[in-house]
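Proteins come first, then strands; the chains are lettered A, B, ... in the order of their sequence lines, and each starts at number 1.
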Amino acid sequence: MPYGLLFIASIIIALAVVHRPLGDYMYRVYTSTRHLRVERTIYRLIGVNADSEQRWPVYARSVLAFSAVSILFLYLLQRVQNHLWGNLGFDAVPPALSWNTAVSFVTNTNWQAYSGEATMGHVVQTAGLAVQNFVSAAVGMAVAIALVRGFARRRTDDLGNFWVDLVRGTIRILLPIAFVGAVLLVAGGVIQTFGDHHVWATLIGGEQTFTPAGAASQEAIKELGTNGGGIFNANSAHPFENPTAWTNWIEIFLLTVIAFALPRTFGRMVGDNRQGYAIVSVMAILAIVSIGVTQWAELSHLGTVPQAVGQALEGKEARFGVSDSGLFGSATTLTSTGAVNSFHDSYTAIGGGMLILNMMFGEVAPGGVGSGLYGILILAVITVFVAGLMVGRTPEYLGKKIGAREMKLASLYFLATPALVLIGTALAMGTDTGRAAMLNTGPHGLSEILYAYTSASNNNGSAFGGVSVNTDFYNTTLGLCMAFGRFLPIVLVLALAGSLAKQAPVPASAGTLPTHRGQFVGLVAGVTLILVALTFLPALALGPLAEGLL
Amino acid sequence: MERLPSWIRRHIAALRALLVLTVATGVIYPLVTTGVAQALFHGKANGSLIEKGGKVVGSAIIGQSFEGHRQYFQSRPSAAGDGYDLLASAAGNLGPEDVVDTKDRQSLLTQVCARSKAVGELEGVSGARPYCTSDGVGAVLKVFPAVGAVTRAVSVNQACPATPFIAEYQGVKVECAKPGEDYSTGRTVPIKGNGVAVVPPDAVTAGGSGLDPQISVEYAQLQAPRVARERGIPVDRVNALIKQYTTGRALGFMGRPAVNVLELNLALDR
């Protein structure tokens, strides 16, 4: 455990060190009025006026148009894979799976119903899937920045320009960090090579077939953009994606770094850094408690099989060990990444249950790049409303009144994903096709299905891997959950941003709830816990809690 | 262009944006990364391949199966295809309470017990574990009725005519399991017993990828005497090689110390 603690502490220190510089850098990226030369060329190629601003409906329609075109493009790319160069001999991907995968990568979910090394060739991986790893992350950040502008601006309809936010996020933030990350990963042994399969004879005369891949370039952005879709089936447990204990450290760092730095950007943009610190404190508290629970459960290895083994080592790699594997599991579900370096299905009941709960929080601690920030700002809005009810005053946040319209949008946002999770799970459990997918039986089987719909609706993408979801039923319903779970909240967030930007700020008075103090941090964390517990406790009680406590 | 409705113009802009960004992040980025990777880390970028006598025999970071070859160190159990299949990386994905065998497959508990027994026999040590029977299956009872005083108990993973691992449970005689009979309505009661595990945890569990190239130092040390005996070399030399192919914690605190099986076996062959 001391080594595991050091590992966790070193990540926290590293995140704290880059919090300000990276947050400030992103602030400059999104507020600068100057365009880089390469960006001007890109705007010319796209054919948009980069200096015009958009009202919220236009911003939202641009997001949806870009995502719709992306889904269609990725779908078609998979459907014609058999005609593409470098397809490694793989056939066209079947329709239901293509739809599921296209939606999955465009929504930043990266749920994978397929096995990478047996399905996807070079072009689909690098020019299809990896591209969405970049742009879906940039879309998430753009929407978050638009919401922050809603708080920061006054008496305006303008929320910025989606195309500019998209291009800047990709070119100035994601590409340079991903490139450095990719080169570091290669230094650790992650492969980066194209070409064809080759076979070698093993020492005892067996055969192994090597699949070349641009693994490093995809691995870096897969973590940085909180995507999670691996080149290989075993994802970040595969030695070609995550070969050493220190590449494991880098991957955990990459998948948390932007989401933990964005609150700084938020603080700068609303002109009060303390607001950013309050938000990042909420994220940090929830994350640390959750990590603590998972570490305790995995290291005390409760449950029959872990007790028989002597460690919760099933599904975990020797080079990482239990503790560092558990941290990756926490980080990937606290963000919306969904990459895995160990297999959650075989975690202890409480450890695995905590990972489901992480996603049920709506992934706000710190959440996906962008989606984490807008998710927690919605919770902050709900919190000031709850606090306002307690003292009988009109709630306000950052000088903006939280009226009926704002609260309706925030409440709808909060209800959207749980509805998808619970309805989806109920539908699957109520049908024979749905139940047939379970690998495990009893409460653990329910956990597998609950995990799948939670993961899809919250755009996480990790799985209790035993569940067999490459069927038309799951590809279709999970695809719908991913699409609605991504775009309903985005439209609601942008609508909220629009109505906030229009307002003139109200001056703070003696009755205004200060939103930069410890009291508010505690309130937001408490409201989050209570809301999530009320929504999901019955489902959790039948799955992981029943398994862990009986 | 200008005369088209705005929603069509927006989708055309979206398509152009996607194509431009595809060139930037889907063509230029991976190719530049590949160029830099190949120039700086040629061996690693191409899979850390290892040669023996001029022929590639594997990758330093991908595990191989050495099953049935007693002169070699054995790798961990693997769920990738039939074992260490590089085209089918996978974990076992069975849960912590998967303890009852079905006619389709063994439970995770029985897999663990069977592996423990087999490793124990191979290395000449005790293969016992908690929750395992001496014949290497999960020590699990189904008791009836599910609630209330026990009237019937079945050792559910021991098919008749096996002798149940305990004679009695709460005063009721324990039966062996009759193949084909459905015991799903009973209450599942795993029995811990007093088995003490000698075989290390990584020897009885499958890793996450099914391609785990390493084993724990404890598992390597357990195998050393057998490998030395099979090869007719002193144990000290084998232990020295184990030390040589042990990767410590990165920077002193990351991950776990572990031994690379393929490199160790290759060194033994030299």
Side-chain angles (χ1 to χ4, degrees), chain A residues 3 6 42 45-48 65-66 69-70 117 126-127 131 134-135 182-183 186-187 189 191-193 200 202-204 208-209 214 217 232-234 237-239 243 245-246 249 303-306 308-311 313-321 324 342-343 345 348 440 444 465-466 547, chain B residues 10-11 13-18 20-22 25-26 30 33-34 36-37 41 44-48 56-58 61-62 64 66 69 86-87 89-91 93 95-99 108-109 112 129-131 190 197 201-202 204-205 207-209 211-216 250 253-256 258:
Chain A
Y3 290 107
L6 273 176
I42 293 177
L45 289 171
I46 302 178
V48 294
F66 183 69
V69 167
S70 294
E117 61 264 46
T126 47
V131 169
F134 278 98
V135 295
V183 173
V186 179
I191 58 172
Q192 181 70 25
T193 176
W200 60 66
T202 65
L203 221 46
I204 62 165
Q208 280 183 325
T209 306
S217 56
F232 302 109
N233 188 44
H238 198 299
W246 65 264
W249 190 97
T304 309
V305 175
V309 171
Q311 275 179 29
L313 206 58
E314 175 72 21
K316 297 191 176 83
E317 297 276 292
R319 61 192 177 283
F320 306 140
D324 297 2
S342 50
F343 279 74
D345 218 342
T348 60
N440 288 272
H444 200 80
E547 187 186 15
Chain B
R10 189 175 303 115
H11 281 79
L15 181 62
R16 289 158 77 167
L18 178 65
V20 171
L21 291 173
T22 298
T25 64
T33 308
T34 308
V36 173
F41 309 103
K44 285 181 166 163
N46 291 309
S48 312
V56 174
V57 292
I61 57 174
I62 298 291
Q64 298 188 355
F66 297 95
H69 293 252
L86 198 41
L87 287 177
S89 64
N93 285 316
E97 299 302 328
D98 188 60
V99 298
L108 180 57
L109 182 60
V112 165
R129 296 199 100 74
Y131 296 107
D202 60 313
V204 297
T205 49
S209 61
L211 303 167
D212 202 335
Q214 293 164 314
I215 54 176
S216 67
F253 67 94
M254 295 176 183
R256 299 263 311 160

Colleague: With side chains defined as the heavy atoms from C-beta onward, is the minimum distance between I191(A) and F232(A) less than 4.5 Å?
Modeller: yes
Colleague: Select, from S216(B), A197(B), G95(B), P190(B), the one with the greatest count of heavy-atom pairs under 4.5 Å involving chain A.
Modeller: G95(B)
Colleague: Where on V309(A) is there a heavy atom nearer than 4.5 Å to chain B: the side chain, the backbone, both, or neither?
Modeller: both
Colleague: Quick check on the interface: out of L87(B), L108(B), V204(B), who has the most heavy-atom pairs with chain A under 4.5 Å?
Modeller: L87(B)
Colleague: Considering only heavy atoms, which portion of T348(A) lies under 4.5 Å from any heavy atom of chain B: side chain, backbone, both, or neither?
Modeller: backbone
Colleague: For each of V57(B), T33(B), D212(B), tally heavy-atom pairs with chain A at distances under 4.5 Å, and name the one with the top tally.
Modeller: D212(B)
Colleague: Looking only at heavy atoms and a cut-off of under 4.5 Å, which of G315(A), G466(A), G214(A), P243(A) has the most pairs with chain B?
Modeller: G315(A)
Colleague: If you tally heavy-atom pairs under 4.5 Å against chain A, which of G208(B), G58(B), G26(B) wins?
Modeller: G208(B)
Colleague: If we define contacts as heavy-atom pairs under 4.5 Å, which of G47(A), P239(A), S70(A) has the most with chain B?
Modeller: P239(A)
Colleague: With sequence neighbours left out, write down each residue that passes side-chain contact (heavy atoms from CB on, under 4.5 Å) with A14(B), or none if nothing qualifies.
Modeller: A65(A), F66(A), V69(A), W163(A)
Colleague: What option among P201(B), A91(B), P130(B) has the most heavy-atom pairs under 4.5 Å with chain A?
Modeller: P201(B)
Colleague: Do Q64(B) side-chain atoms and L203(A) backbone N/O form a donor-acceptor pair below 3.5 Å?
Modeller: yes
Colleague: What part of W249(A) is in contact with chain B, defined as an atom under 4.5 angstrom from a non-hydrogen atom: side chain, backbone, both or neither?
Modeller: side chain
Colleague: Which bit of D324(A) comes within less than 4.5 Å of chain B, counting heavy atoms only: side chain, backbone, both or neither?
Modeller: side chain
Colleague: Taking the side chain as every heavy atom from C-beta outward, state whether S209(B) and E317(A) have any atom pair closer than 4.5 Å.
Modeller: yes
Colleague: At a 4.5 Å cut-off on heavy atoms, which part of H444(A) comes close to chain B: side chain, backbone, both, or neither?
Modeller: side chain
Colleague: Heavy-atom distance under 4.5 Å between the side chains of I62(B) and H238(A), does that happen here?
Modeller: yes
Colleague: Taking side chain as everything from C-beta outward and backbone as N, CA, C, O, which of these in V183(A) sits under 4.5 Å from a heavy atom of chain B? Side chain, backbone, both or neither.
Modeller: both
Colleague: For the interface with chain A, which of V20(B), T22(B), V36(B) has the highest count of heavy-atom pairs at distances below 4.5 Å?
Modeller: T22(B)
Colleague: Between T193(A) (side chain) and N46(B) (backbone), is there a donor-acceptor pair under 3.5 Å?
Modeller: no
Colleague: Is any side-chain heavy atom of F134(A) closer than 4.5 Å to a side-chain heavy atom of L21(B)?
Modeller: no
Colleague: I'd like to know if the side chain of R256(B) reaches the main chain of A318(A), judged simply by a donor and an acceptor atom lying under 3.5 Å from each other, with no hydrogens or angles considered.
Modeller: no
Colleague: What part of F320(A) gets within 4.5 angstrom of chain B, counting heavy atoms only: side chain, backbone, both, or neither?
Modeller: backbone
Colleague: Looking at G321(A), G189(A), S342(A), which one has more heavy-atom pairs under 4.5 Å with chain B than the rest?
Modeller: G189(A)
Colleague: Keeping the roles fixed (side chain from E97(B), backbone from T304(A)), state whether a donor-acceptor pair exists under 3.5 Å.
Modeller: yes
Colleague: Does E117(A) reach the main-chain N or O of N233(A) with its side chain, forming a donor-acceptor pair under 3.5 Å?
Modeller: yes
Colleague: Can you measure from CG (L211(B)) to OG (S89(B)) and round to the nearest 0.5 angstrom?
Modeller: 6.0 Å
Colleague: What part of H11(B) gets closer than 4.5 Å to chain A, counting heavy atoms only: side chain, backbone, both or neither?
Modeller: both
